[in-house]
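In this text the structure is predicted, and so the values were computed from the model without any measurement. Counting convention: from 1, in listed order, for ligands and their atoms alike. Quick note: residue numbers are just sequence positions, from 1.
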Amino acid sequence: MDGVAELRAKYLAKVAQAGDAAALEAVRLAALGKKGEVALMMRGLGQMDAEARKSAGPALNALKDELDSAIRARRASLEDAALEARLRAEWLDVTLPGRPRPAGTIHPVSQVMDELTAIFADMGFAVAEGPQVESDWFNFDALNIPPEHPARQEMDTFYMARAPGDNRPPHVLRTHTSPVQIRAMQAQGAPLRVIAPGRVYRMDMDQTHTPMFHQVEGLAIDRDLSMANLKWVLEEFCRAYFEVDGVELRFRASHFPFTEPSAEVDIRCSWEGGQLKIGEGESWMEILGSGMVHPHVLRAGGIDPDAWQGFAFGMGIDRIAMLKYGIPDLRAFFESDLRWLRHYGFAALDVPSLAGGLSA
Ligand code: PHE
């Protein structure tokens, strides 16, 4: 039968040309589908006489089988080719050199915040936070700084604008992290052990001052705390942070409205040939203010000063970053100079931990 030979040649060619699974399926339907050409011819068998049917029937069946197995074989080879292509595309040369480290670095201020968080966490201090735009009550009044107190002027405060006609006291950019003391007391009550690292703002600008800088506040409240506990915590912190056993601190009597008694703390250091060394020499560098929490402040935080005592401190983060990592100019911290960031920045994956070495 001529028709069979023609169909065979036509469809074997189409099978061979089908470039992907979809094209091959279309060929299969056109040949072997219910309305395909082979099926139509089979339906024609009924009109043939017995003799013709005898040869045409087996020929059509054989064609059907042949096309069917050609299609299966083609499908398998298309699948193989697709897998082959995928393997080639996803191949990875493990002998290539490693990728260069990411170009970004961790800013020294972030690094130091992570370091001090790890050290204080080890002493049982959790991290507390407060807003940078603060009400004057939290920033001043609650900290025993009433409206006419000279400390309000000394702090060179940035005031936020109020809508015209709104005569309430303006909000401020917080001038220190101390308002977080009040927020933490109100939120958690006593006993309490928190640190609060963050940004603070004062109108000041020279080689050692920027209008925005960083502090970390510390606050511990318990039944029986004294200056001795404060001294131990600060010495322990400095030993761990500066990674020097022989750190020496000097407590100088001072005054803050929110602590009584109050002390400023200096660290012994030396400047030789422009090189700063911690723990030796004849110089002292001021790093923090501290003291026993004033009873008015405890009360503002909702804590009974007859039942609880607390100590608090506020430390300059930028200052201790400069000291530890020998960074001379504070203003450069916030200029986003890429060369500076690459030089003083830290690798992103070196997360400070006490077990792993803080600044390893
Ligand atoms: N808030 C003070 C400052 O910014 C530092 C301080 C905090 C002092 C806590 C005593 C207790 O200078």
Requested in this report: Check whether any side-chain heavy atom of Met113 lies under 4.5 Å from a side-chain heavy atom of Val216, and answer yes or no.
Outcome: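 No, their side chains stay 4.5 Å or more apart.
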**Report entry** Note: Arg28-Glu25 ion pair, threshold 4.0 Å (strictly below)
**Finding:** yes
Query raised in the report: Would you call Lys231-Glu235 a salt bridge at under 4.0 Å N-O?
Result: yes
What are the atoms of ligand 1, with element, lying closer than 4.0 Å to any heavy atom of [X]?
X	value
Ser178	1 (N), 7 (C)
Gln181	9 (C)
Gln215	3 (C), 4 (O)

Report task. Using salt bridge (charged side-chain N to carboxylate O under 4.0 Å, His left out) as the criterion, point out the one residue from Arg183, Arg199, Arg174 that pairs with Glu134. Result ->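 Result for salt bridge (charged side-chain N to carboxylate O under 4.0 Å, His left out) with Glu134: Arg183.
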Report task. Check each heavy atom of Phe258 against ligand 1 and say whether those closer than 4.0 Å belong to the side chain, the backbone, both or neither. Result ->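 Only the side chain of Phe258 comes within reach of ligand 1.
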Requested in this report: Ignoring hydrogens, just give me the one of Arg202, His294, Glu217 whose non-hydrogen atom is nearest atom 12 (O) of ligand 1.
Outcome: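 That would be Arg202.
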Query raised in the report: Judging by distance only, is a nitrogen or oxygen of Ser290 under 3.5 angstrom from one on ligand 1?
Result: no
Query raised in the report: Using the benzene-type ring in the case of Trp, are the ring centres of Phe311 and Phe258 under 6.0 Å apart?
Result: no
Report task. Write down the atom of Gly345, the atom of Thr105, and the distance for their closest heavy-atom approach. Result -> CA-OG1, 3.6 Å
Query raised in the report: Which residue and non-hydrogen atom of the protein lie closest to atom 7 (C) of ligand 1, and at what distance in Å?
Result: Gly314 N, 3.2 Å
